[in-house]
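Here's the structure, in structure tokens; my notes come after.
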Amino acid sequence: QVQVKESGGGSVQAGGSLRLACTGSGFDFGDYTMGWFRQAPGKEREDVACIRFKGAYKTYRDSVLGRFTISRDDAQNAVYLQMDRLKPEDTAMYYCAAFARPLYYYNRCRQDDFGYWGQGTQVSVSS
């Protein structure tokens with residue numbers, strides 16, 4: 001049974017930091033591209049960052065580039081999102097997802113390409 005689970009969300013003031021974690025089970029985690037996505041109230045879900053299997057390629061949304069860092073630890077079946085210099089506009093439900101296919105050389109971060117999703121973790125940034 002494939003499971004993806006996020007943790008680490010919370011409330012923080014603008015300029016602060018949070019580290020989100022995502023663990024996967026029921027699939028060969030190290031063979032899959034993983035991604036972080038977010039959805040703010042009243043808005044569509046959008047991509048944040050993605051990391052290819054083996055961590056060889058990473059992509060970031062322009063608005064988080066230089067502030068967020070995606071990484072993975074395949075020994076722990078985990079992917080992380082370090083979020084620094086947070087802004088109120090970063091407030092959203094953050095979702096972790098696994099790409100639909102293993103060992104695929106994927107260079108994008110389109111949510112429609114991801115097949116396994118977690119339930120999300122809330123991040124709230126106050127001004």
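Values in this document were obtained by computation on a predicted structure and should not be read as measured data. Computed from heavy atoms alone, side chains included, the values below leave out hydrogens, waters and symmetry copies.
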Side-chain touch Gln111/Arg45, heavy atoms, less than 4.5 angstrom =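 Side chain of Gln111 against side chain of Arg45, heavy atoms only: contact under 4.5 Å found.
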
**Request:** Check whether the side chains of Asn77 and Thr23 place a donor and an acceptor atom closer than 3.5 Å, and report yes or no.
**Result:**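 There is no such pair (donor and acceptor under 3.5 Å, judged by atom type) between the side chains of Asn77 and Thr23.
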
query: Hey, are Asp84 and Gln82 close enough side-chain-wise for a donor-acceptor pair under 3.5 Å?
result: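 Yes, side-chain donor-acceptor contact under 3.5 Å.
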
Any sub-3.5 Å donor-acceptor pair from [X]'s side-chain atoms to [Y]'s backbone N or O?
{"X": "Lys58", "Y": "Ile70", "result": "yes"}
{"X": "Arg52", "Y": "Thr33", "result": "no"}
{"X": "Asp28", "Y": "Gly30", "result": "no"}
{"X": "Glu6", "Y": "Gln119", "result": "yes"}

Would you name the heavy atoms of [X] and [Y] that are closest together and state the gap between them?
{"X": "Trp36", "Y": "Cys22", "answer": "CZ2-CB, 3.6 Å"}
{"X": "Thr121", "Y": "Gly9", "answer": "OG1-N, 3.1 Å"}
{"X": "Gly66", "Y": "Arg85", "answer": "O-NH2, 2.5 Å"}

Nearest 0.5 Å, please: how far is CG in Asp74 from CE in Met34?
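CG of Asp74 is found 9.5 Å from CE of Met34.
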
Before you tell me yes or no, could you show the steps for Asn107 and Thr59 under side chain to side chain contact (heavy atoms under 4.5 Å, CB included), namely the whole-Å CA-CA distance, both residues' side-chain angles and the distance that decides it to 0.1 Å? CA-CA 8 Å; Asn107 293 340; Thr59 63; 5.8 Å; no

Practice task
Applying side chain to side chain contact (heavy atoms under 4.5 Å, CB included), run through Phe53 and Tyr105 and close with a yes or a no.
Solution key: CA-CA 8 Å; Phe53 65 93; Tyr105 285 86; 3.7 Å; yes

In a table with atom names and distances, give each donor-acceptor pair under 3.5 Å that connects a side chain of residues 86-101 to protein atoms at least two apart or in another chain.
unit_1 : atom_1 : unit_2 : atom_2 : d
Asp90  : OD1    : Arg38  : NH1    : 3.0
Asp90  : OD1    : Arg67  : NH2    : 3.1
Asp90  : OD2    : Arg67  : NH1    : 2.8
Asp90  : OD2    : Arg67  : NH2    : 3.4
Asp90  : OD2    : Lys87  : N      : 2.8
Thr91  : OG1    : Pro88  : O      : 2.9
Thr91  : OG1    : Val125 : N      : 2.8
Thr91  : OG1    : Val125 : O      : 3.3
Tyr94  : OH     : Arg38  : NH1    : 2.9
Tyr94  : OH     : Asp90  : O      : 2.7

Is the distance from the ring center of Trp117 to that of Phe37 below 6.0 Å?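 Ring-ring flag for Trp117/Phe37: true, centres closer than 6.0 Å.
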
Transitive ILVMFWY side-chain link [X] to [Y], under 4.5 Å:
{"X": "Met83", "Y": "Leu65", "value": "yes"}
{"X": "Tyr60", "Y": "Phe114", "value": "no"}
{"X": "Val2", "Y": "Phe29", "value": "yes"}
{"X": "Val4", "Y": "Ile51", "value": "yes"}

*Could you walk me through whether Glu46 and Gln39 pass side chain to side chain contact (heavy atoms under 4.5 Å, CB included), step by step?*
CA-CA 6 Å; Glu46 61 187 20; Gln39 187 169 20; over 6 Å; no

Classify the ring geometry of Phe27 against Tyr32: parallel below 30°, tilted from 30° to 60°, perpendicular beyond 60°.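 Phe27 vs Tyr32 ring planes: perpendicular.
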
> Is the Tyr106 ring parallel, tilted or perpendicular to the Tyr104 ring (thresholds 30°, 60°)?
Replying inline: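 Tilted: the ring planes of Tyr106 and Tyr104 meet at 30° to 60°.
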
Geometric cation-pi criterion, Arg19 with Tyr80: 6.0 Å, 45° =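 The answer is yes, since Arg19 meets both limits relative to Tyr80.
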
